[in-house]
Amino acid sequence: MQLTGLTLHRLSIPLVTPFTTSFMTETEKDCYLVEARFDTPSGPVTGWGESVAMIAPLYSEEYIDGGMAVTRDWLAPILFDVEDLTAETVGWHLRHVIGHRMSKSALEMAVIEAQLKQAGLSFQQYLGGVVDTIPSGVSVGIQDTVEDTVRVIGEYLEEGYARIKLKIKPGADIEPVAAVRKAFGDDFLFQVDANAAYTLVDAAHLKKLDDYGLLLIEQPLGEADIRQHSELAKLMDTPMCLDESIVSAEAAADAIALGATSVINIKPGRVGGFIEAKRIHDLASAHGVAVWHGGMVETGLGRAANAAMASLPGFTLPGDVSGSKRFFHEDITEEIVMHDGVVDVPTGPGFGVTIDPEKLRRFTTDTIEITR
Ligand SMILES: CC(=O)N[C@@H](Cc1ccc2ccccc2c1)C(=O)O
Ligand SMILES: [Mg+2]
């Protein structure tokens, strides 16, 4: 396929409720979409991608303004010059640009969808997904009080989510976890995510979490702290899970070899795209390491693509692919519905969802047109 034009759509979608992590409080979902137009032997085709970069470089070094600029100034010109562009070679063509994995992922995602539409394939078929529904977990932000934490989690359990993930940070960890276990018992799947808020100095404190039968503890230490996570893993019974640290298949191989992670949170945007994410899935499976699909509060577009990725056999733990209603009153695509603890894997060509032009217009705050 020949890339002929790109439109970057910057969005801001109100969240149903503020989302607080150890690094930030968000009241809107800000992101940008990549609308990519291609010429193919069988005529023009359009593919869509979504960048998971946040408005500020606080989860990783990427952020929306930087992602749109690097796409316009450095990544798009490379892809415009490729005559027969395929999804499987986007990463290779962009290899000389250092980093900017979320921006590369959004572009690759648009090439993937165009290629799938041209072939009349669903993303689940393309990846080799093996299930038609995936267990749907929910990520719960840090609340103002322990009582609020118990109330909010009770509501999600009532809704039927398959797994609860609670954000923690120093000063808001043991007490809320203990209160939730006291309120709802030991039978529901429960895990925590620190978003790198601790250091090895906190090891003895974090070990107290071992008393609560958690599925895993996600990224307690810093992104670069692979060795430190293996030290902490030796001290804790709760399985160690990495998110921010797993920036590539190579990083996943190192973390597994060092005993720094026994479960991996897979996020295509964090690793440079769905093709690399599948490599991590395959690598982890070969090592008997479970993976689950992480979330970055994606719109229905990213959520649909994530659901297809999560239908691969190695995704044996519920992920953060919640229903659209967890975050948005209105989505820009058809609503992704969580029902009976699961989300359906889209079956249509491409990612299987359509972006509603009226809703896109309503939530668009900026547009960048890029031509050859
Ligand atoms: C769902 C979840 O916990 N995701 C990330 C962190 C996160 C949290 C909040 C966000 C708000 C706006 C955009 C991206 C965000 C990502 C995580 O697993 O670490
Ligand atoms: Mg995380």
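Counting starts at 1 for both ligands and their atoms, following the listed order. What you see is a predicted model, and the numbers here were worked out from it, not measured in a lab.
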Counting distance only, does the side-chain N/O of [X] pair as donor-acceptor with the main-chain N or O of [Y] below 3.5 Å?
X	Y	value
Glu108	Val90	no
Ser230	Gly259	no
Asp202	Thr199	yes

Just checking, is any N or O donor in the side chain of Ser248 or Arg279 under 3.5 Å from an acceptor N or O on the other one?
->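 Short answer, no.
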Output, or 'none' if empty, a list of ligand 1-protein atom pairs in which both atoms are N or O and the distance is under 3.5 Å, rounded to 0.1 Å.
from: ligand 1; atom 1: 3 (O); to: Ser139; atom 2: OG; distance (Å): 2.9
from: ligand 1; atom 1: 3 (O); to: Lys167; atom 2: NZ; distance (Å): 2.8
from: ligand 1; atom 1: 4 (N); to: Gly295; atom 2: O; distance (Å): 2.7
from: ligand 1; atom 1: 18 (O); to: Lys165; atom 2: NZ; distance (Å): 2.7
from: ligand 1; atom 1: 18 (O); to: Asp193; atom 2: OD2; distance (Å): 3.3
from: ligand 1; atom 1: 18 (O); to: Asp243; atom 2: OD2; distance (Å): 3.4
from: ligand 1; atom 1: 18 (O); to: Lys267; atom 2: NZ; distance (Å): 3.2
from: ligand 1; atom 1: 19 (O); to: Lys167; atom 2: NZ; distance (Å): 3.0
from: ligand 1; atom 1: 19 (O); to: Asp193; atom 2: OD2; distance (Å): 3.0
from: ligand 1; atom 1: 19 (O); to: Asn195; atom 2: ND2; distance (Å): 2.8
from: ligand 1; atom 1: 19 (O); to: Asp243; atom 2: OD2; distance (Å): 3.2
from: ligand 1; atom 1: 19 (O); to: Lys267; atom 2: NZ; distance (Å): 3.4

Does [X] come within less than 4.0 Å of [Y], counting only side-chain N to carboxylate O?
X	Y	value
Arg362	Glu330	yes
Arg163	Asp320	yes
Arg95	Glu276	no
Asp65	Arg10	yes

Passing option when Trp48 is tested against Thr333, Leu33, Thr354, Val353 for side chain to side chain contact (heavy atoms under 4.5 Å, CB included) =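 Only one option passes, and that is Leu33.
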Residue and atom, protein N/O/S, under 2.8 Å of the Mg ion (ligand 2) |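 N, O, S partners closer than 2.8 Å: Asp193 OD2, Glu218 OE2, Asp243 OD2.
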